[in-house]
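From a predicted model like this one, the values you see are computed outputs, not experimental measurements. Residue numbers start from 1 in every chain, and the chains themselves are labelled A, B, ... in the order their sequence lines are given, proteins ahead of strands.
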There are 2 protein chains.
Amino acid sequence: MKVRVTVMLKEGVLDPQGKAIDHALQTLGFPGVSDVRVGKIIELDVAGTDRAAVTKQAEKMASNLLANMVIEDFSVEVLA
Amino acid sequence: MKVRVTVMLKEGVLDPQGKAIDHALQTLGFPGVSDVRVGKIIELDVAGTDRAAVTKQAEKMASNLLANMVIEDFSVEVLA
């Protein structure tokens, strides 16, 4: 099944990448931009047909490898 | 308005990050994983109340800065 894992920094964690993008956008002439946050998307095929089992498997992958649980949150979506 | 820009590599473009994650997951004991693709999410506040205008603004930001149009596709979602 196709799964999408979305990983974002936790609220309150400084996002230097977001700050850099914010500054670059202002410089490029996009004044009305604020609160830029950057995250990751990992899409993968997970073997299995049971949605709950695939979701659980993906959550284990996310907490073991895909997300740094100290500073990041993740969410799992089974696409198809 | 809160906007989410999702940037993924185009189909057919080699994804070394995805390959590395695929390999790491196999090593960690997740055999049933394949076709791992990695992308970016950029969430930002864009000044404005008109959904169409905000979407257009975000699309310009994406094509000018947030996505490398040679190898990446992007999609824009106005969240709230």
- Item | Atom NZ of K60(B): over 12 foreign heavy atoms under 6.0 Å |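 Counting other residues, nucleotides and ligands, NZ of K60(B) stays at 12 neighbours or fewer.
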- Enclosure of K10(B) NZ (heavy-atom neighbours >12, cutoff 6.0 Å):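 Yes, because the 6.0 Å sphere around NZ of K10(B) holds more than 12 heavy atoms from other groups.
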ILVMFWY network linking [X] to [Y], side-chain heavy atoms under 4.5 angstrom:
X      : Y      : value
M69(B) : L65(B) : yes
V7(A)  : V5(B)  : no
V46(A) : L79(A) : no
L9(B)  : V33(B) : no
M8(A)  : V76(B) : no

- For each of N64(A), L25(A), V54(A), tally heavy-atom pairs with chain B at distances under 4.5 Å, and name the one with the top tally.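 Going by pairs under 4.5 Å, I would pick L25(A).
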- Query: Is it the side chain or the backbone of I21(A) that comes within 4.5 Å of chain B heavy atoms, both, or neither?
  - Reply: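 Both parts, backbone and side chain.
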- Taking atom CD1 of I41(B) and atom NZ of K40(A), what is their separation to the nearest 0.5 Å?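 Taking CD1 in I41(B) and NZ in K40(A), the distance rounds to 11.5 Å.
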- Atom pair CZ/OG1 of R4(B) and T6(A) - distance to nearest 0.5 Å: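 Going from CZ on R4(B) over to OG1 on T6(A), the span is 6.5 Å.
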- Stepwise side chain to side chain contact (heavy atoms under 4.5 Å, CB included) check, R37(B) with L44(A): CA-CA 6 Å; R37(B) 306 280 291 174; L44(A) 58 157; over 6 Å; no
- Item | With V36(B), the side-chain contact (heavy atoms from CB on, under 4.5 Å) member among L66(A), D45(A), I42(A) |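 Of the listed options, the one satisfying the test is I42(A).
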- Item | Top of A47(B), A58(B), S34(B), G48(B) for chain A proximity - count of heavy-atom pairs under 4.5 angstrom |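 Going by pairs under 4.5 Å, I would pick S34(B).
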- Message: Within the 4.5 Å heavy-atom criterion, are K2(B) and D35(A) side-chain neighbours or not?
- Response: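 K2(B) vs D35(A): side chains touch.
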- For the pair M61(B) and L28(A), evaluate side chain to side chain contact (heavy atoms under 4.5 Å, CB included) and give the outcome as yes or no after the intermediate values. CA-CA 9 Å; M61(B) 294 177 204; L28(A) 280 173; over 6 Å; no
- Portion of Q17(B) that has a non-hydrogen atom of chain A nearer than 4.5 angstrom: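 Looking at Q17(B), nothing touches chain A.
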